[in-house]
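See structure below.
For clarity, every value in this text was computed on a predicted model and none was experimentally measured.
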Amino acid sequence: MARVTVEDCVDKVDNRFDLVLLAAHRSRTISNGSPLTVDRDNDKNPVVALREIADETIQPEDMKEDLIHSLQRFVEVDEPEPAPEEIEAQSGGAEDEMTFDRMSEEELLRGLESLDPPERRDD
């Protein structure tokens, strides 16, 4: 393909904004060392990314998932909840009781009074 145009890619990715996002993301992954799926032909990374989209050598859905994954700061991992039998086995049975330390108000006040107050600064 001598030149790649947006019209070559729009039939593969419906929205032009999505096309720009996907091509930019693919261009960055190529810059980071991702293998090419088409010949470079002395083209720069954005052109190679558009050519890959136009030739359908990469799937837009896969690129979209990769883009979303790369933008996530916190990935929540859904772990299956343990069965009630497993919880009892881990805790050692139902006979175990939870114990809490009790503190009276006077003990709390004495503990708080013994703390050194932070130094005041006049800023």
Side-chain angles (χ1 to χ4, degrees):
M1 179 185 294
R3 287 199 174 263
V4 65
T5 62
V6 173
E7 283 75 28
D8 296 331
C9 301
V10 169
D11 56 344
K12 279 58 168 192
V13 179
D14 298 331
N15 188 339
R16 290 175 187 248
F17 180 74
D18 288 341
L19 174 64
V20 170
L21 286 176
L22 294 178
H25 176 68
R26 179 63 184 151
S27 177
R28 284 189 295 273
T29 59
I30 291 171
S31 295
N32 290 333
S34 180
L36 301 177
T37 59
V38 295
D39 292 331
R40 182 172 285 278
D41 292 335
N42 205 19
D43 290 329
K44 296 187 179 180
N45 292 340
V47 176
V48 172
L50 287 172
R51 287 182 45 219
E52 287 177 339
I53 294 170
D55 291 347
E56 294 182 337
T57 58
I58 53 175
Q59 297 298 320
E61 293 83 23
D62 295 339
M63 284 195 322
K64 196 176 287 189
E65 288 296 319
D66 188 39
L67 174 64
I68 291 170
H69 181 69
S70 71
L71 295 174
Q72 287 179 336
R73 300 278 184 218
F74 174 75
V75 178
E76 184 175 323
V77 178
D78 291 334
E79 294 180 5
E81 294 182 16
E85 302 85 36
E86 294 175 9
I87 294 174
E88 282 187 27
Q90 290 174 356
S91 66
E95 298 86 33
D96 294 339
E97 291 185 24
M98 296 181 87
T99 58
F100 296 99
D101 290 336
R102 298 281 180 180
M103 181 183 285
S104 68
E105 252 183 78
E106 293 146 2
E107 292 172 332
L108 177 63
L109 286 174
R110 270 187 263 135
L112 290 174
E113 288 173 351
S114 68
L115 294 176
D116 292 330
E119 294 182 20
R120 290 191 165 225
R121 296 186 309 179
D122 293 330
D123 290 340

Inset, instruction - Compare every heavy atom of Ile53 with every heavy atom of Cys9, then report the nearest pair and how far apart it is. - result: CB-CG2, 4.1 Å

Legend entry - NZ (Lys64) with more than 12 external heavy atoms under 6.0 Å: no

Inset, instruction - Examine Leu71 and Val13 and state if one hydrophobic cluster contains both, with Ile, Leu, Val, Met, Phe, Trp and Tyr joined whenever side-chain heavy atoms are less than 4.5 Å apart. - result: yes

Inset, instruction - Look only at the side chain of Ser27 and the backbone of Ala23, and say whether a donor-acceptor pair between them is shorter than 3.5 Å. - result: no

Inset, instruction - Carefully, step by step, assess Asn45 and Arg40 under the rule side-chain contact (heavy atoms from CB on, under 4.5 Å). - result: CA-CA 8 Å; Asn45 292 340; Arg40 182 172 285 278; 3.0 Å; yes

Legend entry - For the student: nearest non-hydrogen atoms of Val10 and Arg16, plus distance: CG2-CG, 4.1 Å

Inset, instruction - Please check if the side chain of Arg51 supplies one atom and the backbone of Asp39 the other of a donor-acceptor pair under 3.5 Å. - result: yes

Legend entry - Closest heavy-atom pair and its distance - Lys12, Pro60: O-CG, 4.0 Å

Inset, instruction - Using modelled atom types only, decide if a donor and an acceptor are shared between the side chain of Asn15 and the backbone of Phe17 within a distance under 3.5 Å. - result: yes

Legend entry - Single-linkage hydrophobic cluster, 4.5 Å side-chain cutoff, Met63 and Leu19 together: yes

Inset, instruction - Could you state whether Leu50 and Val38 fall into the same hydrophobic cluster, counting links through intermediate Ile, Leu, Val, Met, Phe, Trp or Tyr residues with side-chain heavy atoms under 4.5 angstrom apart? - result: no

Legend entry - Asp66 to His25 - nearest heavy-atom pair and separation: OD2-NE2, 2.9 Å

Legend entry - Val20 with Leu67, same ILVMFWY side-chain cluster at under 4.5 Å: no

Inset, instruction - Count the heavy atoms belonging to other residues, nucleotides or ligands that lie under 6.0 Å from CD of Glu107, then report whether that count exceeds 12. - result: yes

Legend entry - Exercise: identify the closest heavy-atom pair between Ser34 and Arg26: OG-NH1, 2.9 Å

Legend entry - In one Ile/Leu/Val/Met/Phe/Trp/Tyr side-chain cluster, 4.5 Å: Ile58, Leu22: yes

Inset, instruction - Please say whether more than 12 non-hydrogen atoms of neighbouring residues, nucleotides or ligands are located less than 6.0 Å from CD in Glu106. - result: no

Legend entry - Members besides Leu112 in its Ile/Leu/Val/Met/Phe/Trp/Tyr cluster (side-chain heavy atoms under 4.5 Å): Met103, Leu108, Leu115

